[in-house]
Amino acid sequence: MPVSDIPFAHFGPYSYTPDRHYFPSTGQPQFAAPFSFLTHSIPQITLAFQQGRASSAYNMAALSPDEMERFQQLSNNFEPNVQGPLVTPKQSSHAIADEYANADPTYATKTSTLALTHPMSRIMKGDGNCGWRAVAFGYFENLFLLRDPLRVQRELIRLKSMNTLLDQVGQQEHLYEIFVDESEAVFNQILEAIQKGIQDDSFLVHAFNEEYNSNAIITHFRLLTSAWMRLNPGRYQAFLSLPLEQYCATRVETVKTEIDEVGLQALVDGVIEGSELAVEILYLDRSEGEVVTPHLLTPNRPSVGTIRLLYRPGHYDLLYRPEPIVTMAPVVNYQYGITSNYSPWDQGALSFDVDPHLMAIPNLMMDPAAFAVNPSPMSAPVSNSYRMSPPHDLYLQHTPPPVSIPSPPVVPRMSAPPPPMTSAPNRSSDGPQIRLNPLVMKNNLSHSLPVTTPFKNSPYNQAHFQNQDFEPIHWEPNESRK
Amino acid sequence: MASPQTTQRLLRELKEYAASPNDALLHLGPVTDNDLLDWEAVLKGVKDSPYEGGLWALRIRIPETYPLTPPSIRFTTRICHPNIHFETGEICLTLLTSEHWSPVYTLSTTLTAVQQLLTDPRPDSPLNLDVANLLRNGDVAGWESLVRYFTMEERWNMN
């Protein structure tokens, strides 16, 4: 319809006026453009120097306005050339270790340990959506692996019912429906695959490698996250450097903006948590220690599966723990065993922090391949009692003790994050000979019960008896109750 | 050929625009009935601004992956503005970049954003250096008269 054919004037309210904050292209720190100009245009500037255009000095003022404009253009249009599929098939985590073999020793150590604890990984394309894609893919993949058609249907209904959140924050159905439809299509694919008994997840990988489908699903998750944040501003505003509304519009609802910690937490809180899946991040950074630092984003409660994210600065991938071997059953949760003296189990009654990581450690023993010869448990080196063990000591042998205590309600938590190594014990202490390996196994305790630092003061820690300075606490009648 | 989702979305937008037109626009719609990915619009100048009374035609190319990628919009009527190229009509607007585009923007709301750009010029990222320099040097009167001149001189008309 040519312009000339239309009536000359339209009057009426327009329903939605975007906030003017979003429009300017540069000059404000929250936008990527100034940064991209600094980082990405350097090669072009260098090139210009080499071509003799501005050979005088490394000085922006030496550039003519035309050249500045050209560089700005180049910078604005710059898109990093990222190779590879959006989501790879599962592959060995040794590939990650190889990447860092010649890097900083901390990285080299952590990645080689990672290849043992999490032998498989899935690499996300670093196109600005990796974090969103990793969570969305992990979500659907876990649903597929659980092979429970009812659960899949329940999740589909749950996600679709969240349309009301979108409506509440003023999103219009005719704008978001196509994204919800894409998610629904994946749910249906999963249902079909489960019903047909398909084990292979390649259909899911394929679905997430179709650029449009993949991005549409991510957009659906982004919009839900944004709506969740807008409806729960109190939980997130304090962590944001800009107004929440603006954050949602410029960082969450966009198509290619990296997820950050706040956005990730909101995505997990708003979209994933209702699925009973846990989400855990393993931080690969240069912090002290020999293992990646884990962090659980979901509350510490029984979950049906875990989405494990590997975080490297600016990038997210997916990680997988070793496949559980069924013949290892029965799985005994030592943690429940050791603490069953508390009766009833009451977290509030414990004097130490009930660390979610701590509770999960026993399942480490589900990997028989990792069983190593147990170094003599009572002969831990004295001089360096807090020495970090090398990675090959990661798994000590754990022969299940004759268990008289009935197994606790089986909590098939596969999550087994070691506690953060930053909370290293006090090295000046000449206390019990605790030999901390990266998974904080204490091997001088009978049956090598896994403990973490909070346990060292536990009255149940028999290691106290080996300490020559050991003194039981005496109750003084005069001392007032604390 | 656009994907069914893109077609569906564009048809919904068209319907939505017919039901609740945009004050900032005189017209918005596909150029021909044959190509749903090629739209045109006529933008109105903001009242009480140097652009008041102006009318500009814009051409909108919609990518096949819309709304997951932004439309490309340019002025076909010449306009005097620091962030709009005088000859090519190219617009420097953050939300039109793939990084900052959001699929919940529609063509109509995006054009509202273009209209707001008129009254919120950013001389720091100019596409029209001459106009930007006037603003940077604080010559508001000079800028305004130049804008008023071109707004009337180049005003789009129905032929």
Side-chain angles (χ1 to χ4, degrees), chain A residues 1-18 20 22-28 31-34 36 65-66 68-69 72-73 76-77 79 128 166 171-179 181-182 211-212 215-216 218-219 222-223 226 249-250 252-257, chain B residues 3 5-6 8-9 12-13 15-17 19-33 40-42 57 64-65 67-70 83 92-106 108-110 112-114 116-117 120 122 124-127 129 133 156 158-159:
Chain A
M1 181 170 66
V3 172
S4 51
D5 289 343
I6 54 117
F8 205 76
H10 289 300
F11 293 104
Y14 49 89
S15 50
Y16 174 60
T17 308
R20 60 184 287 242
Y22 320 152
F23 309 137
S25 59
T26 56
Q28 294 186 15
F31 298 110
S36 64
D66 274 353
M68 289 289 280
E69 187 191 345
Q72 184 65 57
Q73 282 293 310
N76 291 348
N77 298 331
E79 290 205 2
L166 299 177
Q171 302 288 14
Q172 297 169 57
E173 189 181 357
H174 72 275
L175 298 184
Y176 66 68
E177 62 183 0
I178 52 175
F179 310 123
D181 289 349
E182 286 301 329
E211 182 111 24
Y212 188 93
N215 288 346
I218 288 166
T219 302
R222 280 178 178 269
L223 295 181
S226 165
T250 58
V252 183
E253 289 169 11
T254 45
V255 282
K256 262 193 180 173
T257 319
Chain B
S3 69
Q5 295 94 329
T6 303
Q8 179 194 355
R9 160 78 180 243
R12 291 296 297 266
E13 280 197 35
K15 198 173 144 197
E16 197 66 20
Y17 178 77
S20 56
N22 186 340
D23 263 352
L25 301 176
L26 193 60
H27 163 69
L28 174 67
V31 179
T32 65
D33 290 342
E40 62 190 358
V42 176
E64 288 179 13
T65 47
L68 292 173
T69 37
N83 308 110
C92 180
L93 188 60
T94 317
L95 66 79
L96 288 175
T97 61
S98 61
E99 202 174 330
H100 295 94
W101 168 255
S102 166
V104 295
Y105 299 141
T106 63
S108 174
T109 55
T110 304
T112 305
V114 172
Q116 292 189 15
L117 179 69
D120 188 19
R122 300 280 158 160
D124 292 335
S125 50
L127 280 172
L129 286 171
N133 280 335
W156 173 85
M158 285 172 70
N159 302 323

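Remember, it's a predicted structure, so these values are computed and weren't measured experimentally. The sequence lines fix the lettering, A, B, ..., with proteins before strands; numbering per chain opens at 1.
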S.K.: Minimum heavy-atom separation for Leu175(A) to Val104(B), with atom names?
M.R.: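 Closest approach of Leu175(A) to Val104(B), heavy atoms only: CD1-O, 3.4 Å.
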S.K.: Considering non-hydrogen atoms only, spot the tightest contact between Pro67(B) and Phe179(A) and give its length.
M.R.: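 Heavy atoms of Pro67(B) and Phe179(A) come nearest at CG-CZ, 3.8 Å.
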S.K.: Give, as side chain, backbone, both or neither, the part of Thr69(B) having an atom under 4.5 angstrom from any heavy atom of chain A.
M.R.: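 Neither part.
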S.K.: Name the one of Lys256(A), Arg222(A), Glu253(A) that satisfies side chain to side chain contact (heavy atoms under 4.5 Å, CB included) with Ser102(B)?
M.R.: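 Single side chain to side chain contact (heavy atoms under 4.5 Å, CB included) partner of Ser102(B) among Lys256(A), Arg222(A), Glu253(A): Glu253(A).
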S.K.: For Tyr176(A), is it the side chain, the backbone, both, or neither that has a heavy atom closer than 4.5 Å to a heavy atom of chain B?
M.R.: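 Interface part for Tyr176(A): neither.
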S.K.: Is the shortest side-chain heavy-atom distance between Gln172(A) and Arg12(B) below 4.5 Å?
M.R.: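 Of all side-chain heavy-atom pairs linking Arg12(B) with Gln172(A), none is under 4.5 Å.
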S.K.: Let me confirm one number: the CG-CD1 distance from Leu68(B) to Ile178(A), rounded to the nearest 0.5 Å.
M.R.: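 So the gap between those two atoms works out to 6.5 Å.
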S.K.: Which answer fits Leu127(B), side chain, backbone, both or neither, if we ask what part of it has an atom under 4.5 Å from a heavy atom of chain A?
M.R.: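 Its backbone and side chain both get close to chain A.
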S.K.: With Glu13(B), which residues qualify under salt bridge (charged side-chain N to carboxylate O under 4.0 Å, His left out), at least two apart?
M.R.: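 Checked Glu13(B) against salt bridge (charged side-chain N to carboxylate O under 4.0 Å, His left out); matches are Arg9(B).
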S.K.: With sequence neighbours excluded, what pairs up with Pro126(B) under the side chain to side chain contact (heavy atoms under 4.5 Å, CB included) test?
M.R.: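 Expected list: Leu129(B), Ala132(B), Arg136(B).
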S.K.: At a 4.5 Å cut-off on heavy atoms, which part of Thr219(A) comes close to chain B: side chain, backbone, both, or neither?
M.R.: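 Side chain only.
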S.K.: Kindly give the heavy-atom pair with the smallest separation between Thr254(A) and Glu99(B), and that separation in Å.
M.R.: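 So the two residues come closest at CB-O, 3.9 Å.
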S.K.: If every non-hydrogen atom of Tyr212(A) is compared with every non-hydrogen atom of Thr65(B), which pair is closest and at what distance?
M.R.: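 Smallest heavy-atom distance, with atoms named: CE1-O, 3.6 Å.
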S.K.: Need one label for Leu223(A): side chain, backbone, both or neither, based on atoms under 4.5 Å from any heavy atom in chain B.
M.R.: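 Side chain only.
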